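All values derive from a computational prediction rather than experimental measurement.
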Amino acid sequence: MDEHSRSSRTVFDAEAQEEILEEIKDTPLEPSEMEESVDLAMEELDREREEEEESDLPEWDGTDSALVADDDAQEFEEPMSGIHISYCLRHEEIKTALRRSGVFRFSVRKMIIQSAVLLCVAGLFLATYLTAQIPRPETLVVAGVCAALTAAVWLMPEYQLAARARQLRSDKPVEAEIFPDEIKVGRGEGAWSIPLDGTSEYKEIDGLLVVVTPHKRCVAFPVRSIEPALLHDVVAMLAAGTEA
């Protein structure tokens, strides 16, 4: 919990306690009984607040997730428990992870320059067509082509992103294991890992837990695929081993 959240909760607790005292001040209770009543009421408020916070999380879809042991630990190392997650990313989830994590990048400045050049050329040919004594259809065609290319400059990144997401999507579940010191993704020849040594970046994006390596390779875990009882441990390991 960050400093702002702690401060907000303290203010909330103080206000709630004042309201409870106001409600029971005219009740014929001994000081000890009054204090006990306040404590019970505050505990009830805490339970309601925790239930509200849990209801904001994406609903678990029942995908397999469980504790596992680190089979690769060296003899001199203390074995650490990890969490196994099996999941399938949806098309939109892959697009979101690629776009918001910074793995898929495009230069807006470059796009603006290209658009300006194309629009200038289109305007030049259009003006030539309109002012010529004998207009030539070719000049109007060139102006139209330049205008179409301008639209393509802005549509192409989204098309490329969608194509990349289709390429990465698979109906075969991804098997991953998260340990305090590393993330293991996949099995067999295609398996790879991310060390949780503070060199990677961790982001929470629209129901996804995303880890981006220094080489701009990323892995995204959908919160819906993590058993609620294990979610806190997963987030804690990812946050502790990465840059926020």
Side-chain angles (χ1 to χ4, degrees), residues 53-73 80-106 152-197 199-244:
E53 291 175 354
E54 290 177 357
S55 66
D56 292 336
L57 294 174
E59 185 177 353
W60 178 42
D61 61 6
T63 311
D64 179 38
S65 55
L67 291 171
V68 294
D70 187 358
D71 297 330
D72 295 335
M80 291 182 289
S81 295
I83 296 175
H84 171 265
I85 303 174
S86 179
Y87 62 95
C88 287
L89 283 171
R90 299 164 182 163
H91 180 75
E92 287 302 320
E93 289 175 333
I94 297 174
K95 286 176 60 177
T96 298
L98 290 174
R99 181 190 294 114
R100 304 267 306 271
S101 67
V103 172
F104 182 86
R105 292 188 175 187
F106 55 90
V153 166
W154 293 94
L155 295 175
M156 187 57 68
E158 187 64 26
Y159 172 80
Q160 292 175 334
L161 176 61
R164 181 60 175 159
R166 285 194 297 270
Q167 182 183 7
L168 293 174
R169 188 184 179 281
S170 174
D171 292 328
K172 184 178 179 181
V174 177
E175 306 291 336
E177 294 178 351
I178 304 172
F179 296 93
D181 62 342
E182 71 172 333
I183 301 171
K184 298 178 181 179
V185 184
R187 292 177 178 174
E189 294 182 0
W192 60 292
S193 64
I194 301 176
L196 293 178
D197 56 2
T199 57
S200 297
E201 185 179 4
Y202 168 65
K203 299 180 179 181
E204 296 182 10
I205 305 171
D206 293 345
L208 298 172
L209 309 180
V210 182
V211 177
V212 186
T213 71
H215 304 293
K216 295 303 176 185
R217 192 174 185 183
C218 79
V219 62
F221 304 109
V223 172
R224 58 179 171 79
S225 297
I226 304 174
E227 187 177 346
L230 301 176
L231 180 58
H232 175 77
D233 293 328
V234 171
V235 172
M237 286 191 286
L238 295 180
T242 58
E243 295 180 6

> Taking atom CD of E177 and atom CD1 of I85, what is their separation to the nearest 0.5 Å?
Replying inline: 10.0 Å
> About how many Å separate CD of E158 and CZ of F104, when rounded to the nearest 0.5 Å?
Replying inline: 8.0 Å
> Taking 4.0 angstrom as the limit, do E92 and R99 come out as a salt bridge?
Replying inline: no
> Hey, does L89 have a side-chain heavy atom less than 4.5 Å from the side chain of L208?
Replying inline: yes
>> Using the rule given for side-chain contact (heavy atoms from CB on, under 4.5 Å), can you reason through I83 versus M237, listing the C-alpha separation, both sets of side-chain angles and the distance that settles it, and then say yes or no?
In response: CA-CA 10 Å; I83 296 175; M237 286 191 286; 3.8 Å; yes
> Hey, what do you get for CD1 (I183) to CH2 (W192), rounding to the nearest 0.5 Å?
Replying inline: 8.0 Å
>> I need the minimum non-hydrogen distance between A165 and L98, along with the two atoms involved.
In response: N-CD1, 4.4 Å
> Which heavy atom in V153 sits nearest to a heavy atom in P157, and how many Å separate them?
Replying inline: O-CD, 3.3 Å
>> Measuring only between side-chain heavy atoms, which start at C-beta, is L196 closer than 4.5 Å to T242?
In response: yes
>> Testing the basics here: between S200 and V211, what is the closest heavy-atom pair and its distance to 0.1 Å?
In response: CB-CG1, 3.8 Å
> If every non-hydrogen atom of C88 is compared with every non-hydrogen atom of S170, which pair is closest and at what distance?
Replying inline: SG-O, 4.1 Å
>> For E93 versus R224, what's the shortest heavy-atom pair and its separation?
In response: OE1-NH2, 2.8 Å
>> A side-chain contact here means heavy atoms from C-beta on lying under 4.5 Å apart; do V219 and V174 qualify?
In response: no
> Do any N or O atoms from the side chain of R164 and from the backbone of L161 form a donor-acceptor pair under 3.5 angstrom?
Replying inline: no
> Roughly how far apart are S101 OG and K216 NZ, rounded to 0.5 Å?
Replying inline: 7.5 Å
> Could you give the distance from CG (D181) to CD1 (I194), rounded to the nearest 0.5 Å?
Replying inline: 13.0 Å
> For E204 and L209, which heavy atoms make the closest approach, and how far apart are they?
Replying inline: CG-CD2, 3.9 Å
> Between I226 and Y87, is any pair of side-chain heavy atoms under 4.5 Å apart?
Replying inline: no
> When rounded to the nearest 0.5 angstrom, what distance separates OG in S86 from NZ in K172?
Replying inline: 10.5 Å
